[in-house]
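Side chains are part of it too, since the values below use all heavy atoms of this structure and drop only hydrogens, waters and symmetry mates. Quick note on labels: first sequence line is chain A, next is B, and so on, each numbered from 1.
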Amino acid sequence: MRRGVVGWLCPSLSRFRSPMTVRTRFAPSPTGYMHIGGMRTALFNWLWARHNNGTFILRIDDTDEERNMESALGPILQAFRWLDLTWDEGPEIGGPHGPYFQSQRKPLYAAAAERLLAEGKAYRDFETPEQIKADREAADKEKRPYINIRRSLELSPAEIERLVAEGKPSVVRFLVPRDRTIAIDDAVRGHVEWNGALIPDPVIVRTNGVPLYNFASVVDDVAMEITHVIRSEEHLTNTAVQALIFEALGASFPVFAHLPYVAAPASKEKLSKRKLDQYRKNPSFKKMFDRGDSVFPKIGLGGQGGLDPVMVEYYEKIGYLPDAIVNALARLGWSLDDHTEIMSRQTIIENFTLDRVVKNPAGLDPDKLFSFQSHWMSALPAAMKDDGCIPYLVKAGLIALQADGTVAPDVRLFVGKVVAALGDRLKLFSDILDASYFFTETLEYDEKNFQKRVAKEGVPALMREFRARLAETEDWSPTNLEAVLNAFATEKNEPAATFIHALRLCVTGQSVGPGVYDCAALVGKDRSLARIDAALARLG
RNA sequence: GGCCCCAUCGUCUAGUCAGGCCUAGGACACCGGAUUUUCGAUCCGAUAACCGGGGUUCGAAUCCCCGUGGGGUCACCA
C-alpha cells in the first residue's frame with residue numbers, strides 16, 4: 001500500500017478517479033492555545049494540500065461547548081498566521097462549504113441523524129446511563145468485551161413514539177453491523193481491520209440533541225468533500241466507526257492517513273500539557289523552560305506568561321522563526337531522504353508525500369529544534385533580524401518608540417549595529433535582551449568573572465592607567481582600539497588578555513559577548529570611560 | 001484486561017514493500033582536538049543502533065512465526 005503501488009499496478013483505476021482536487025482539513029477545538037503536536041498534524045494537512053495544489057480547510061470543532069470563542073479560538077488562528085499556514089476555507093474567510101463552525105451546522109447533523117434513523121442504520125436508545133454502566137460491569141466481570149445489549153431495538157415504532165412523547169430521555173446510537181469486518185487502507189499504516197462484533201454502538205446524538213465528534217466529523221467531511229483525513233494516531237481506533245458512518249451516509253471513504261503522535265522529548269509518550277511539571281525536570285526541555293523564565297518577565301509576561309513549550313505561542317513569544325518551526329515540525333515523523341535536514345518551506349511542499357511519513361512516534365527534540373532555529377536565523381537578512389529584535393527591546397523598556405509608534409532612525413541604526421556585532425550569537429530574537437548593556441547604564445555584573453578579571457591583584461592599577469590612555473584616544477574605532485590596547489599591553493609587559501578581559505567586564509559587566517573592541521566602540525568613548533570608572537569604583 | 005498500532009545510534013531518521021551495493025548512512029546532542037581575547041561560529045575527529053528467539057534462504061535490519069517491550073484507545077470528550 002505504500003509508495004502508491006496501487007496506482008501504478010492498476011493504471012486503469014486512475015481513469016475512474018475523478019480529477020477532484022485534494023481537500024484536507026484540520027479541525028481544532030477552541031481550547032485557548034495551539035498544541036505543538038496538533039500544529040504538526042495541521043502542518044502535514046497543509047503540506048499535503050499545498051503539494052497537490054489542493055485546498056486546506058480549517059473547521060472549528062465547537063460542538064461541545066460554546067464558550068467565549070473569541071479568546072479560545074484567537075490563539076489558534078494566530079498560530080496559523082504566525083507560521084504562515086494559510087487556510088483556503090474556514091473562519092474569517094468562509095468558503096463554499098460553510099459554515100465552518102460545527103456549532104452552526106447543527107441542522108446538517110440533525111438531518112443526517114434522521115436519515116440514518118429512518119434507514120434503520122441508527123436507533124433511538126432509551127437505556128439509562130445506569131443500565132449501560134451495569135451492562136458494562138457485567139461484561140467486565142465475565143471477562144467478555146462489552147457491546148450494547150440493544151434492548152431499545154425491541155421497541156415498536158408506536159412504543160418509541162410514545163416514549164418520545166412522554167419526554168423520556170434518549171440518545172441516538174449508530175447500529176454497528178456485527179457480522180462483518182471493517183477495513184481501511186491507511187496511507188501510512190497500510191491495511192488495518194476491525195471485527196464489527198467487538199465494537200459497541202457509539203452514541204451519535206446526545207440526549208440534549210448535540211451530535212458527537214465522531215459523527216459530526218464524518219458528516220462534515222462528507223459535506224466538505226474532504227479527500228484525505230490526515231490526523232493523529234490516537235484516532236485510529238475511532239476510524240472503524242467513522243468508516244462505517246461514511247458508508248451509512250452513502251459516501252465513499254476519504255484516504256485515511258494516521259500520523260504517529262508527537263511524543264514528549266526522549267519518550268514515546270504523547271506530549272501532553274497535563275504533564276508539564278514532569279517536563280520541567282526533563283534535561284532537554286528544561287533549557288526551554290529556563291529560557292522562558294528568563295525572557296518572559298523582561299517583556300512584561302509575568303513568570304512563564306502562561307506559556308510553555310507545549311504551546312506554539314511559546315515559540316512565537318520567545319523569538320523563534322516560523323521557518324525554523326516549520327522545518328523542525330516537518331522533520332518530526334517525516335523525512336525527505338537519507339540526508340536532507342535543512343529545508344525551506346518550498347522544498348518541503350515540493351517533496352512532501354504521505355508515504356514517507358514514519359510510523360513510530362517521534363519525540364519532540366528541543367535541541368534539534370534549536371539547531372534549525374540557529375540555521376534559519378543565520379540565514380535571515382540583517383534588516384529582518386533588526387525588525388525581530390526591536391519589539392523585545394521596546395517591551396523590555398530598553399528603547400523607546402516615537403509618538404507615532406515607530407522607531408527613530410538613529411535608534412534603528414544603533415540596533416542594527418548591535419545585531420551585527422552579535423552575529424551568530426543571536427539565535428532567538430529574545431537573545432537581544434542578553435545584550436541589554438548596549439542600551440542601559442544599569443549594568444548587571446557577572447560577579448564571579450568580575451572578581452577574576454578585574455578585582456585581581458595589580459589589575460585595578462593597570463586599568464586606571466589604561467583608562468587614561470583611552471581618554472587620550474581620539475579614534476574610537478574597533479581597529480584602533482585594538483591597536484591601542486595591544487601597544488599598551490606591550491608597554492606594560494602584560495598579556496593583552498589581561499586588558500581584554502578586564503575591559504570587557506568593565507564596559508559590559510559580562511564575560512561573554514561580541515568582540516570587546518566592537519563592544520567598546522558601540523558603547524562609545526564617553527560611556528565606556530564612565531563605565532570603567534564605575535567598575536573601578538565598585539572595588540571600593 | 002479487550003482491540004489496534006509500533007520497534008535501527010542518547011534523540012530525529014535513511015535503509016524494510018521489490019533480501020545481497022549495509023563491516024548499517026546522515027543530522028542533532030555529547031566527548032576530544034584545531035582556531036579564537038571571551039562566548040559564539042567554523043573546521044577536524046571519536047563514541048554510538050538493527051528488542052529477543054526460532055525459522056525460510058547460498059545470503060536477513062529487510063520475509064514468516066512466536067515472544068518481549070513501548071504506545072494508543074476503549075465516554076452522552078475532541
Assess whether ring pair (Phe, Tyr, Trp, His ring centres under 6.0 Å) is satisfied between A:Phe488 and A:Phe499, documenting all intermediate values.
-> CA-CA 9 Å; A:Phe488 189 76; A:Phe499 298 97; 5.3 Å; yes

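Under 3.5 Å, the side chain of A:Arg189 and the base of B:C5 form no donor-acceptor pair of N or O atoms.
B:C39 and B:A46 have their C1' atoms separated by 25 Å, given to the nearest Å.
In this structure, the OH atom of A:Tyr33 is 11 Å from the C1' atom of B:A78, given to the nearest Å. Atom NZ in A:Lys286 sits about 21 Å away from atom P in B:U11, given to the nearest Å. Taking atom NZ of residue A:Lys359 and atom C1' of nucleotide B:G15, one finds them 14 Å apart after rounding to whole Å.
Ion pair A:Asp140/A:Arg136 not flagged as a salt bridge, since none of the NZ, NE, NH1 or NH2 atoms sits closer than 4.0 Å to an Asp/Glu carboxylate oxygen.
Contact between the side-chain N/O atoms of A:Arg356 and the OP1/OP2 oxygens of B:G15 is found at a separation under 4.0 Å. Distances shorter than 4.0 Å separate some side-chain N or O of A:Arg206 from OP1 or OP2 on B:A78.
Counting non-hydrogen atoms of other residues, nucleotides and ligands closer than 6.0 Å to NZ of A:Lys273 gives a total above 12.
B:C30 is unpaired under the Watson-Crick or G-U wobble criterion, no partner having all donor-acceptor distances under 3.5 Å.
A:Ser29 approaches A:Asp61 most closely through the heavy-atom pair CB-O, 3.2 Å.
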